[in-house]
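First the structure, in the form of structure tokens, and then the observations on it.
Keep in mind the model is a prediction, meaning the values are calculated, not measured. Note that ligands are numbered from 1 as they come in the structure, with each ligand's atoms numbered from 1 the same way.
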Amino acid sequence: HQRVFSGVQPTGNLHLGNYLGAIKRFVELQNHYECIYCVVDLHAITVWQEPKDLSRATREVTAAFIAAGIDPRAHIVFNQSQVAEHAELAWVFNCVARMGWLNRMTQFKEKAGKHKENASVGLFAYPNLMAADVLAYKATHVPVGEDQKQHLELARDIAQKFNMDYAERIAELGHGEQFFPLTEPLIAGPAKRVMSLRDGQKKMSKSDPSDYSRINLMDDADTISLKIRKAKTDPEPLPGEVAGLEGRPEAANLVGIYAGLADTDEQAVLAEFAGPFSRFKQALADLSVEKLSPITAEMRRLTAEPDQIDAILADGAERARAIARPILDDVKDVVGFVRST
Ligand code: TYM
């Protein structure tokens with residue numbers, strides 16, 4: 001059985017990287033898989049969130065999912081904290097994963113910065129919760145941007161260790177050899193790693209202090225055009241071949257963004273726009289506005305009705321729980337926890 005799971009943190013400014021690397025791909029996968037899309041509020045509080053901002057951002061990510069084209073009736077959309085199974089399974093995984101594995105996570109090193117002693121324990125254990133998100137549903141495929149690759153490799157290691165540690169019991173209980181699937185990451189396309197508009201070496205991120213580094217899903221048309229006009233480039237014109245983008249991270253990034261928005265590849269973009277940057281930037285600004293404006297408008301409409309969003313999340317949570325509950329019951333039996341039946 002094939003099942004897609006993915007999550008987005010409600011931590012402010014959703015941006016073009018989140019859209020092209022993740023949300024747009026969530027939409028496409030709906031035609032091929034049963035999909036579960038989660039607003040991961042438990043992950044968000046691994047760093048401080050103002051309570052009111054957290055609620056607002058949770059509804060905003062939900063609105064973005066729906067505005068982008070995710071169908072919350074045919075699939076499942078919910079926020080993580082409403083399904084206790086995530087936290088429950090994460091605890092078991094805290095006891096499966098090794099300190100050494102987590103010590104290797106580059107995102108923790110980046111986010112914790114110099115003062116690791118001051119980072120929350122949750123920030124360190126973050127990847128275990130992420131593994132629990134995916135495996136509470138035995139999801140087989142996880143669409144994400146490239147920055148999540150290492151976390152998903154850890155999820156596979158956790159699944160494998162659980163399957164091995166409890167192999168005898170798993171077989172005894174009739175689950176065969178593999179209790180948890182080894183989840184496959186889906187990381188693909190020209191925009192799997194969208195970079196900052198100000199620095200082609202840094203990824204586009206919610207936390208970059210410069211708003212000019214990113215295009216936010218809530219930006220209006222003028223802001224989008226201005227940010228693209230001001231985006232850093234180099235003095236050379238656009239090449240005719242992908243090989244010519246070598247060593248030109250800013251140019252490569254803008255071409256990748258265009259390809260992602262237009263559902264094409266870099267070569268096709270260069271075939272059309274080889275030559276001066278000005279013409280390409282104008283076309284990129286127009287395309288960005290054309291693709292993003294309807295989503296922004298729909299997000300605004302949806303967030304004006306928070307009760308309706310909350311109803312969608314409640315319904316999604318109930319359906320998510322119906323899948324995760326029996327899997328958690330099996331986990332408890334495998335581990336040896338006594339439970340009433
Ligand atoms: P988050 O909230 O940081 O980002 C959400 C999604 O957007 C992708 N993304 C990008 N893609 C391309 N270019 C970029 N510059 C860029 N920035 C972000 C991310 O890769 C992600 O797919 N840990 C996850 C959330 C999560 C999750 C999960 C994902 C929690 N549990 C289970 C998958 C499965 C995160 O922080 O994503």
Which protein heavy atom lies closest to [atom], and at what distance to 0.1 Å?
| atom | answer |
| --- | --- |
| atom 13 (N) of ligand 1 | Val194 N, 2.8 Å |
| atom 35 (C) of ligand 1 | Tyr126 OH, 3.4 Å |
| atom 5 (C) of ligand 1 | Asn18 ND2, 3.6 Å |
| atom 20 (O) of ligand 1 | Asp147 OD1, 2.4 Å |
| atom 31 (N) of ligand 1 | Asp133 OD2, 2.6 Å |

Item to check | Closest non-hydrogen atom pair, Pro326 against Arg321 | outcome: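 Minimum heavy-atom separation between Pro326 and Arg321: CD-O, 4.2 Å.
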Item to check | Heavy-atom pair with the smallest gap, counting every atom of Ala139 and Pro181 | outcome: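 Heavy atoms of Ala139 and Pro181 come nearest at O-CG, 3.7 Å.
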What are the atoms of ligand 1, with element, lying closer than 4.0 Å to any heavy atom of [X]?
| X | value |
| --- | --- |
| Val142 | 33 (C), 34 (C) |
| Ala191 | 12 (C) |
| Lys206 | 2 (O) |
| Phe5 | 32 (C), 34 (C) |
| Gly21 | 11 (N), 12 (C) |
| Val134 | 32 (C), 34 (C) |

Checklist entry - Would Lys138 count as a cation-pi partner of Phe179, with NZ or CZ less than 6.0 Å from the six-membered ring centre and within 45° of the ring normal? => result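 Ring-cation test returns yes.
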Item to check | Non-hydrogen side-chain atoms of His175 and Val334 separated by less than 4.5 Å | outcome: yes
Next on the checklist: Is any side-chain heavy atom of Asp286 closer than 4.5 Å to one of Gln282?
Outcome noted: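 They are in contact (side-chain heavy atoms under 4.5 Å apart), so the answer is yes.
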Salt bridge flag under 4.0 Å for residues [X] and [Y]:
| X | Y | value |
| --- | --- | --- |
| Arg325 | Glu88 | yes |
| Asp199 | Lys232 | no |
| Asp211 | Lys227 | yes |

Between [X] and [Y], how do the two ring planes meet: parallel, tilted or perpendicular, split at 30° and 60°?
| X | Y | result |
| --- | --- | --- |
| Phe162 | Phe93 | perpendicular |
| Phe78 | His86 | tilted |
| His151 | Tyr126 | tilted |
| His141 | Tyr33 | tilted |

Side chain, backbone, both or neither: the part of [X] lying under 4.0 Å from ligand 1 by heavy atom:
| X | result |
| --- | --- |
| Leu129 | neither |
| Val40 | side chain |
| Val144 | both |

Report yes or no: does [X] have a heavy atom closer than 4.0 Å to ligand 1?
| X | result |
| --- | --- |
| Pro127 | no |
| His15 | yes |
| Gln107 | no |

Which is closest to [atom] in terms of heavy atoms, [options]?
| atom | options | answer |
| --- | --- | --- |
| atom 32 (C) of ligand 1 | Gln148, Met130, Lys202, Gln9 | Met130 |
| atom 30 (C) of ligand 1 | His43, His151, Lys192 | His43 |
| atom 6 (C) of ligand 1 | Ala22, Gly17, Pro10 | Ala22 |
| atom 27 (C) of ligand 1 | Ala139, Gly7, Ser205 | Gly7 |

Next on the checklist: Test your reading of the model: is there a side-chain donor-acceptor pair from Gln30 to the backbone of Gly69, 3.5 Å cut-off?
Outcome noted: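 Checking the backbone N and O of Gly69 against the side chain of Gln30, a donor-acceptor pair under 3.5 Å is found.
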